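This report refers to the structure that appears directly beneath it.
Each ligand, and each atom within it, is numbered from 1 in the order the structure gives. The figures that follow rest on heavy atoms only: side chains count, while hydrogens, waters and symmetry mates do not. Since this is a predicted model, take the numbers as computed values, not measurements. We count residues from 1, following the sequence as given.
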Amino acid sequence: MPLLRSLRGPEDLRALPPEQLPVLAAEIRDALVTSVAKTGGHLGPNLGCVELTIALHRVFDSPREPIVFDTGHQSYVHKMLTGRVEDFQRLRQRGGLSGYPSRAESEHDWVENSHASTSLSYADGLAKAFAIRGDSRPVVAVIGDGALTGGMAWEALNNIAAAQDRPVVIVVNDNGRSYSPTIGGVADALATLRLRPGYENALLQVRQALHRAPVVGTALYDALHAIKKGLKDVLSPQGMFEDLGMKYVGPVDGHDIEVMESALRRARSFGGPVIVHAVTTKGFGYAPAETDQIDAWHATGIFDPDSGASVRKTGRPWTDAFSDELVRVGTERPDVVAITAAMLHPTGLAAFAERFPERVFDVGIAEQHALTSAAGLAMAGMHPVVAVYSTFLNRAFDQLLMDVALHRQPVTVVLDRAGVTGEDGASHNGMWDMSILSVVPGVHLAAPRDEATLREALREAVAISDGPSVIRFPKGVLPPDVPALERRGPVDVLRRGGTDDVLLVAVGSMVPLCLAAAERAADQGIDVTVVDPRWVLPVSEELVALAGDFRLVVTVEDGGRAGGVGTTLSQALQDRDVDVPVRALGLPQQFFDHGSRGQVLADVGLTEQDVARRIAEWSAKLGERSDTAVAERVDGAQQ
Ligand SMILES: Cc1ncc(C[n+]2csc(CCOP(=O)(O)OP(=O)(O)O)c2C)c(N)n1
Ligand SMILES: CC(=O)[C@@H](O)[C@H](O)COP(=O)(O)O
Ligand SMILES: [Mg+2]
């Protein structure tokens with residue numbers, strides 16, 4: 001890849017003659033496929049925006065003129081063009097290149113969050129600040145047709161369109177898909193625009209008119225008229241953007257660098273808010289991705305670049321267990337409906353959709369709306385199951401609190417990817433849900449430990465009729481089922497220590513680690529009883545009663561410690577005057593850099609060795625304290 005590797009940055013790219021650009025695009029595609037095959041990552045979205053990104057960096061002077069990528073999963077090409085091509089060897093690996101823009105990596109990355117539909121708000125804010133400072137530089141936001149379905153994008157558009165003197169260039173990268181084809185009114189309107197005679201036609205019209213233009217006479221008038229008409233077609237408010245007063249350039253073939261560049265230059269020179277509508281193909285140029293009907297290789301694991309065959313991790317994913325059980329529940333319960341925020345397949349709803357197509361709603365990337373519309377469905381007699389990744393529930397906290405919980409509506413939220421997810425980095429760790437849910441009155445929260453308890457939790461959740469229920473489980477494959485020795489209320493006793501030494505409360509996916517830690521502690525002569533509360537909210541009376549029987553309670557959870565299970569259990573014990581020390585092990589409230597789940601957990605001391613060591617330390621301290629107390633009592637008695 002001599003051309004790609006010779007580029008030190010966008011200045012070099014801008015110096016390339018246009019005829020070399022297709023070669024560069026081919027080299028970038030090759031680099032994308034070769035590298036993502038080894039590490040996994042967002043291949044389809046990046047293959048689809050190669051030419052678009054080349055054109056952006058030729059027209060705009062990044063980093064002075066910010067280019068904000070919505071979600072950021074499509075920023076690999078931008079990274080390659082801004083001096084990071086060599087770093088792709090370690091994409092998404094610990095200490096290596098992030099899979100999203102990263103402010104620590106490059107001054108070209110203004111924004112790094114990867115929750116969708118934020119780019120227009122960032123761009124709006126940047127443009128407002130530049131305007132106040134008397135700086136007229138343009139700001140660019142690149143947003144996919146999927147991200148454009150998110151409410152925030154429209155809140156921002158409402159502001160951007162109103163400020164005709166602020167130069168915000170919005171590039172809509174319209175590949176017609178989120179993961180699956182994007183659906184809804186916005187998507188339909190984009191599809192209609194896509195069918196219009198495009199920017200290329202108008203450009204051709206202008207060029208031909210210019211060639212024909214004589215010096216004088218009616219022919220000159222006709223030619224000028226044609227030029228005017230062509231330009232009007234190129235830059236005029238149309239369709240859905242019309243009412244907002246936005247200028248619109250397009251549709252543009254997003255894989256034609258020359259045309260893309262021309263459209264962007266025109267948008268740049270306009271000096272106000274303008275939309276450039278680029279039509280692209282997700283996975284472009286790599287047949288296995290381009291032809292994949294499910295998600296055009298939106299996010300892939302490791303694969304063989306020649307055949308496209310995936311090198312799969314073996315094992316049954318948690319998502320599949322949920323997916324199967326939901327279909328069973330749906331067969332028995334005609335009132336159960338499912339909602340996805342544009343993630344039908346990855347959240348495991350595809351099987352339910354196939355079986356009950358009329359009972360599934362894809363609301364777009366709109367978690368807030370998902371929750372409130374679920375409340376509406378519940379009010380009218382349905383039991384909605386909203387399946388989202390844990391980290392995206394953050395978006396819909398207020399809707400869960402006020403629209404669902406306050407109204408005591410029976411809505412079940414299923415959180416996939418709860419806990420540390422790892423390779424996607426800080427924004428994707430599902431480590432906030434237990435903290436934010438702990439403040440929601442009346443919520444029921446289950447953290448199943450295996451397939452059997454996941455299935456059971458789902459059935460229990462859809463039977464709850466007086467408020468929201470939530471089930472959380474991690475990314476990855478299921479562990480073997482861990483049968484309970486005994487059940488007390490919702491609490492499963494998984495291991496009995498011989499004495500009332502230590503009660504280890506193992507939350508969900510932490511169960512295998514806790515059982516192993518208990519064995520290690522036993523080797524050091526410490527008796528540990530291990531329980532799984534299964535339903536961590538509300539804290540059950542049975543768990544409180546059990547805790548009161550022990551000298552020390554240790555909780556282990558795959559979530560933020562603030563407001564987590566340890567905190568809520570402590571509070572519950574205090575509320576009931578049960579005097580037993582609780583030590584909480586979990587994630588500190590930090591943003592963790594990307595790395596594998598195992599690495600992140602090890603960094604924060606969530607390994608069986610570390611948990612066993614902490615138990616031993618705390619246990620010893622308590623022993624010292626009670627020895628001292630006994631000694632003091634004896635001393636006191638002797639004096
Ligand atoms: C708030 C939020 N919800 C869900 C997601 C998961 N997600 C990541 S990319 C994506 C689809 C994006 O589609 P689009 O914006 O069209 O980009 P494309 O991948 O097609 O280029 C979704 C749903 C997210 N990142 N943020
Ligand atoms: C960008 C985004 O939010 C998703 O594409 C996410 O990266 C997918 O994660 P999984 O690979 O865990 O499904
Ligand atoms: Mg898209």
Side-chain angles (χ1 to χ4, degrees), residues 36 39-50 52-53 69-77 92 98-101 112-120 141-153 171-184 186-187 190-191 194 254 278-284 289 295-302 313 317-319 340-348 362-370 386-396 416-430 474-476 594 597:
V36 177
T39 60
H42 289 99
L43 187 58
N46 282 287
L47 288 170
C49 68
V50 173
L52 187 155
T53 312
F69 288 90
D70 203 291
T71 316
H73 63 307
Q74 77 296 50
S75 63
Y76 297 3
V77 186
R92 290 156 58 92
S98 162
Y100 298 94
E112 63 185 51
N113 107 326
S114 51
H115 286 206
S117 316
T118 58
S119 63
L120 305 192
V142 183
I143 183 165
D145 54 302
L148 196 61
T149 60
M152 267 187 86
V171 181
V172 177
N173 173 20
D174 177 11
N175 53 27
R177 310 187 70 101
S178 296
Y179 278 72
S180 312
T182 307
I183 57 174
V186 172
L190 275 181
R194 231 179 281 149
V279 178
T280 60
T281 301
K282 203 157 178 167
F284 192 72
D295 66 3
W297 285 42
H298 175 87
T300 176
I302 298 169
K313 287 188 188 137
W318 284 85
T319 315
T340 174
M343 297 179 75
L344 188 77
H345 288 273
T347 58
D362 181 346
V363 295
I365 307 182
E367 288 80 5
Q368 302 175 344
H369 162 59
V386 183
V388 291
Y389 282 9
S390 164
T391 186
F392 303 136
L393 176 68
N394 300 354
R395 274 279 166 91
D416 201 325
R417 306 318 196 248
V420 171
T421 53
E423 283 85 359
D424 261 325
S427 61
H428 275 60
N429 288 319
K475 177 170 178 163
H594 53 281
R597 174 176 155 88

Does [X] reach the side chain of [Y], with side-chain heavy atoms less than 4.5 Å apart?
{"X": "Asn175", "Y": "Thr281", "value": "no"}
{"X": "Leu190", "Y": "Leu148", "value": "yes"}
{"X": "Tyr76", "Y": "Leu43", "value": "no"}
{"X": "Glu112", "Y": "Tyr100", "value": "no"}

Quick check for you: to the nearest 0.5 Å, what is the distance between [X] atom [atom1] and [Y] atom [atom2]?
{"X": "Asn429", "Y": "Glu423", "atom1": "CG", "atom2": "CD", "value": "10.0 Å"}
{"X": "Arg597", "Y": "Arg417", "atom1": "CZ", "atom2": "CZ", "value": "12.0 Å"}
{"X": "Phe392", "Y": "Ser427", "atom1": "CZ", "atom2": "OG", "value": "7.0 Å"}
{"X": "Leu120", "Y": "Ile143", "atom1": "CG", "atom2": "CD1", "value": "4.0 Å"}
{"X": "His298", "Y": "Asn46", "atom1": "NE2", "atom2": "CG", "value": "10.0 Å"}
{"X": "His345", "Y": "Asp295", "atom1": "NE2", "atom2": "CG", "value": "7.5 Å"}

For ligand 1, which atoms have a heavy atom of [X] less than 4.0 angstrom away?
{"X": "Asp145", "value": "16 (O)"}
{"X": "Ala116", "value": "1 (C), 2 (C), 24 (C), 25 (N), 26 (N)"}
{"X": "Gly144", "value": "14 (P), 15 (O), 16 (O)"}
{"X": "His115", "value": "26 (N)"}
{"X": "His298", "value": "9 (S), 10 (C), 11 (C), 19 (O)"}
{"X": "Ala147", "value": "14 (P), 15 (O)"}

### Message
Can you check which of His42, Lys475, His73 brings a heavy atom nearest to atom 5 (O) of ligand 2?
### Response
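It is His42 whose heavy atom sits nearest to atom 5 (O) of ligand 2.
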### Proximity winner for atom 21 (O) of ligand 1, if only heavy atoms of Thr71, Asn175, Leu393, Thr149 are counted
Asn175
#### Entry: Carboxylate-amine/guanidinium proximity below 4.0 Å for Arg177 and Asp145
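No, no charged N to carboxylate O under 4.0 Å.
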### Query
How is the N/O/S atom of Asp145 that comes nearest to the Mg ion (ligand 3) named?
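Nearest N/O/S atom: OD1.
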Within the side chain of [X], is there an N or O that forms a donor-acceptor pair under 3.5 Å with the backbone of [Y]?
{"X": "Asp362", "Y": "Ala342", "value": "yes"}
{"X": "Asp174", "Y": "Ala278", "value": "no"}
{"X": "Gln368", "Y": "Ala366", "value": "no"}

How far is [atom] from its nearest protein heavy atom, and which residue and atom name does that atom have?
{"atom": "atom 25 (N) of ligand 1", "answer": "Ser114 O, 3.0 Å"}
{"atom": "atom 1 (C) of ligand 1", "answer": "Arg395 NH1, 3.3 Å"}
{"atom": "atom 2 (C) of ligand 2", "answer": "His428 NE2, 3.2 Å"}
{"atom": "atom 18 (P) of ligand 1", "answer": "Lys282 NZ, 3.4 Å"}
{"atom": "atom 13 (O) of ligand 2", "answer": "Tyr389 OH, 2.6 Å"}
{"atom": "atom 12 (C) of ligand 1", "answer": "Ile365 CD1, 3.9 Å"}
{"atom": "atom 13 (O) of ligand 1", "answer": "Ser178 CA, 3.4 Å"}
{"atom": "atom 3 (N) of ligand 1", "answer": "Glu367 OE2, 2.6 Å"}
{"atom": "atom 10 (P) of ligand 2", "answer": "Arg417 NH2, 3.6 Å"}
{"atom": "atom 16 (O) of ligand 1", "answer": "Gly146 N, 2.7 Å"}
{"atom": "atom 1 (C) of ligand 2", "answer": "Tyr100 OH, 3.3 Å"}
{"atom": "atom 22 (C) of ligand 1", "answer": "Tyr179 CE1, 3.6 Å"}

### Query
With no hydrogens and no angle check, do the side chains of Asp416 and Thr347 hold a donor and an acceptor under 3.5 Å apart?
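Side chains of Asp416 and Thr347: no pair found under 3.5 Å.
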### Task
Run through Arg92, Lys475, His73 and flag the one making a side chain to side chain donor-acceptor pair (under 3.5 Å) with Asp424.
Arg92
### Task
Could you tell me how the ring of His428 sits relative to the ring of His115: parallel (under 30°), tilted (30 to 60°) or perpendicular (over 60°)?
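Judged by the thresholds at 30° and 60°, the geometry between His428 and His115 is perpendicular.
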### Query
Is it true that some N/O/S atom of Ser178, main chain or side chain, lies under 2.8 Å from the Mg ion (ligand 3)?
no
### Message
Strictly under 2.8 Å, is the Mg ion (ligand 3) approached by any N, O or S atom of Gly176?
### Response
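Checking the Mg ion (ligand 3) against Gly176, no N, O or S atom falls under 2.8 Å.
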### Task
State, to 0.1 Å, how close Pro346 and Tyr179 come at their nearest heavy-atom pair, and which atoms those are.
CG-CE2, 3.5 Å
### Query
Can an N or O of Tyr179 be found at a distance shorter than 3.5 Å from an N or O of ligand 2?
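So ligand 2 has an N or O lying under 3.5 Å from an N or O of Tyr179.
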### Query
Is the shortest N/O to N/O distance between Pro45 and ligand 1 below 3.5 Å?
no
### Query
Is there at least one pair of N or O atoms, one from His428 and one from ligand 1, spaced under 3.5 Å apart?
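No.
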### Task
Using non-hydrogen atoms of the residue, decide whether Met343 is closer than 4.0 angstrom to ligand 1.
yes
### Asn175 OD1 and Arg177 O subtending at the Mg ion (ligand 3) (10° steps)
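The two atoms form an angle at the metal of about 90°.
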### Query
Does ligand 2 have any atom sitting under 4.0 Å from a heavy atom of Asp424?
yes
### Query
Is Gln74 touching ligand 1 with its side chain, its backbone, both, or neither, if touching means heavy atoms under 4.0 Å apart?
neither
#### Entry: Under 4.0 Å to a heavy atom of Phe392 - the qualifying atoms of ligand 2, by number
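Counting from 1, the qualifying ligand atoms are 3 (O).
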